[in-house]
Amino acid sequence: MSGIASWVTAKDLRHRLDADFYRPEYLEFDHRAEARGLKMRQVVEISSLVTDGTHKTPSYVDSGVPFLSAKNIRNGFVDAGSGHKYVSAAEFDQLERWNCAPRPDDVLVAKSGSIGSAGLASGAYDRFAVFESAAIIRPSGVSPAYLSAYLNSRLGQLQIRRNSKGAVIRHLHLEDLREVEVPLPDRRIQDYIGAKVELAERCRAVASREREKLGTELATLYEGCPHAALSSLTTMVAPAEIDGSRLDAWYHQRRFITLTEWLRRNPAFVKLGKVASLSSDRWSPGAHGQSTFRYIEISDVDSSTGHVSHSEVPVENAPSRARKLLRGFDVLASTVRPNRGAVGLVPDSLDGAVATTGFAVVRAVSKTDAFFLLAVLRHPASTAQLMRCNTGSAYPAIEESVLPQIWIPGAKPGTRKSLGARELRRTTLLQTAVDLVDQAKADVEALIEGTLDAQAILAETLKPPTADDIPELAEDDA
DNA sequence: AGTCTGCGAAATGATGTGTC
DNA sequence: GACACATCATTTCGCAGACT
């Protein structure tokens with residue numbers, strides 16, 4: 001960001017007259033695209049429909065047709081995995097008539113919340129409806145996957161920010177989205193960039209199938225486990241059921257007692273502490289002579305995928321909680337707000353990174369075992385056990401020492417290995433998908449910079465990656 | 001006059017951080 | 001370790017003008 005004042009010449013002037021619209025970085029973008037000889041088209045010119053989801057809050061139902069909102073558009077994907085609501089079939093029909101049901105080739109853009117995030121509708125479901133917080137673009141004359149990559153790129157985000165309004169809470173309005181300018185290269189270049197996004201979608205589809213299989217396999221291990229039972233907070237407790245450590249109603253809810261008893265009596269279950277240990281490796285700022293460090297906080301763990309990311313933080317700005325030194329393949333479980341179920345696995349690339357003290361760091365004996373633990377700790381039976389040990393209602397948290405005490409399936413080595421391998425494959429595919437979208441975004445930026453080898457793409461000497469380049473996809477069983 | 005759409009903003013929800 | 005609080009993100013609501 002540079003100075004507030006910006007010199008605007010007549011040829012830069014468009015329909016808007018506010019200073020913000022003409023900030024130097026925006027003008028620079030205009031000039032650069034022009035220098036590349038790129039055609040610029042407004043979103044409205046390259047789509048047959050630009051609308052948004054329903055404004056009328058539907059009456060939600062427990063199951064039916066999926067109903068997604070802005071929070072489902074993240075990291076370049078329309079992601080159903082982070083949870084969503086449902087509407088009845090009848091309500092869906094009405095929504096479809098109102099153009100609130102995206103088609104597979106549509107591009108969705110977040111209008112509220114993390115505005116400007118985009119993704120392909122096909123990434124979620126074939127049939128679903130969206131809320132007002134998501135915009136629907138039906139591309140025409142542009143590759144949908146390319147459009148999605150562009151909107152997610154730094155440049156697309158810049159354009160969206162440029163067109164969004166609102167002093168305090170910025171929102172993206174439809175009329176502004178329609179005016180967002182899109183560089184339109186040769187169709188073959190669009191397809192080259194779009195192919196990466198499409199391949200990423202394919203990885204995600206296979207990953208989600210893996211998750212289903214994993215779910216089935218885990219269900220076998222947890223067969224008969226009463227983890228989903230509900231009970232009221234009022235419980236009659238027999239004296240023998242009070243373990244002395246706590247006397248509160250929360251801990252003694254019938255469903256918790258039933259679950260723990262069931263697990264304790266079942267010889268197929270062992271305590272986590274039997275198969276893994278808590279790490280107490282510490283880190284302190286300044287002790288390692290670096291100027292920055294890789295910091296992992298709770299929000300860096302994606303609770304729907306188990307993926308762990310990080311941010312680079314200068315050592316002098318280290319939060320007081322940055323204390324836990326990590327190794328590759330450590331399993332992180334959040335001890336604050338355990339209901340969120342933030343459990344993730346530290347990729348090998350983050351060996352030596354630092355986590356907040358809000359995590360318990362579980363260290364398994366092997367790599368596949370770590371993935372097995374990841375799968376098991378994400379299971380509702382584990383979350384319920386952690387929730388039982390919750391203290392504090394305003395600030396729910398558990399103690400780290402609870403983790404080794406929870407019961408997990410003491411599966412045979414072979415089973416653990418195959419489950420772990422499946423979880424590994426799922427995680428790898430999801431990461432590959434993210435990498436591919438990042439590549440596509442980088443390509444768009446290179447296109448504007450003029451560093452993209454357009455000649456090679458047109459001559460087809462430079463080809464986009466295909467499914468054959470991703471070993472995890474090759475194993476995809478028929 | 002009734003309905004739909006675009007827009008703004010309050011209400012609600014989530015979550016990281018400093019501090020004791 | 002617990003807490004209050006700040007700071008967002010997201011949902012929901014309702015007004016106003018356009019459209020039918």
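Here is the naming used below: chain letters follow the sequence lines, and residue numbers restart at 1 for every chain. Values reported hereafter were calculated over all heavy atoms of this structure, with side chains retained and with hydrogens, waters and symmetry mates removed.
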Enquirer: Of all residues at least two apart in sequence or in a different chain, which pass the ring pair (Phe, Tyr, Trp, His ring centres under 6.0 Å) check with A:W407?
Expert: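 For A:W407, no residue satisfies ring pair (Phe, Tyr, Trp, His ring centres under 6.0 Å) once neighbours in sequence are set aside.
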Enquirer: If I take atom CD1 in residue A:I73 and atom P in nucleotide C:dT11, what distance separates them, rounded to the nearest angstrom?
Expert: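 So the two atoms are 10 Å apart, to the nearest Å.
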Enquirer: Please identify each residue that fulfils side-chain hydrogen bond (donor to acceptor under 3.5 Å, both in side chains) with A:D435, with sequence neighbours left out.
Expert: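 Once residues adjacent in sequence are excluded, the partners of A:D435 under the side-chain hydrogen bond (donor to acceptor under 3.5 Å, both in side chains) criterion are A:Q431.
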Enquirer: Measure from the side-chain heavy atoms of A:D52 and tell me the nearest of B:dG6, B:dT17, C:dT11.
Expert: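 Nucleotide nearest to A:D52's side chain: B:dG6.
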Enquirer: Measuring to OP1 and OP2 of C:dT10, would you say a side-chain N or O of A:K85 lies under 4.0 angstrom away?
Expert: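 Negative; the distance criterion is not met.
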Enquirer: Check the distance between C:dT10's C1' and A:D79's CG and give it to me in whole angstrom.
Expert: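 Rounding to the nearest Å, CG of A:D79 and C1' of C:dT10 are 16 Å apart.
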Enquirer: For C:dT11, does either OP1 or OP2 sit under 4.0 Å from a side-chain N or O belonging to A:S133?
Expert: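 Result: yes.
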Enquirer: Distance check needed: C:dT11 P versus A:N72 CG, whole Å only.
Expert: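 Result: 8 Å.
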Enquirer: Please report the shortest heavy-atom distance between A:P66 and A:H84, naming the atom on each side.
Expert: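 Smallest interatomic distance, heavy atoms only, reads CB-CE1, 3.5 Å.
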Enquirer: Could you tell me the separation between the CG atom of A:L68 and the P atom of C:dT10, rounded to a whole number of Å?
Expert: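 My rounded result for the distance is 13 Å.
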Enquirer: Could you work out which one of C:dC13, C:dT10, B:dG16 sits closest to the side chain of A:K71?
Expert: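 Nearest listed nucleotide: C:dT10.
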Enquirer: Write down the distance between CZ (A:F131) and P (B:dG6), rounded to a whole number of angstrom.
Expert: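 That distance rounds to 15 Å.
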Enquirer: Distance check: side-chain N/O of A:S69 vs OP1/OP2 of C:dT10, anything under 4.0 Å?
Expert: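 Indeed not, no polar side-chain atom of A:S69 lies that close.
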Enquirer: Can you tell me the distance, in whole Å, between the CD atom of A:E132 and the C1' atom of C:dC15?
Expert: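 For the pair A:E132 CD and C:dC15 C1', the rounded distance is 13 Å.
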Enquirer: Taking atom CG as the centre, does A:D126 end up with more than 12 heavy-atom neighbours from other residues, nucleotides or ligands that are less than 6.0 angstrom away?
Expert: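 No - once you tally the heavy atoms of other residues, nucleotides and ligands closer than 6.0 Å, there are 12 at most.
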Enquirer: What's the closest nucleotide to the side chain of A:Y295 if the choices are B:dG6, B:dT17, C:dT12?
Expert: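 The answer is B:dT17, which lies nearest to the side chain.
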Enquirer: What integer distance in Å separates A:H84:NE2 from C:dT10:C1'?
Expert: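 Value for this atom pair: 17 Å.
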Enquirer: Charged N to carboxylate O under 4.0 angstrom, A:R327 versus A:D348?
Expert: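 Looking at A:D348 together with A:R327, the answer is no, because their closest N to O distance does not fall below 4.0 Å.
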Enquirer: How long is the line joining CD of A:E297 and C1' of C:dT7, in whole Å?
Expert: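 It is 13 Å, rounded to the nearest whole Å.
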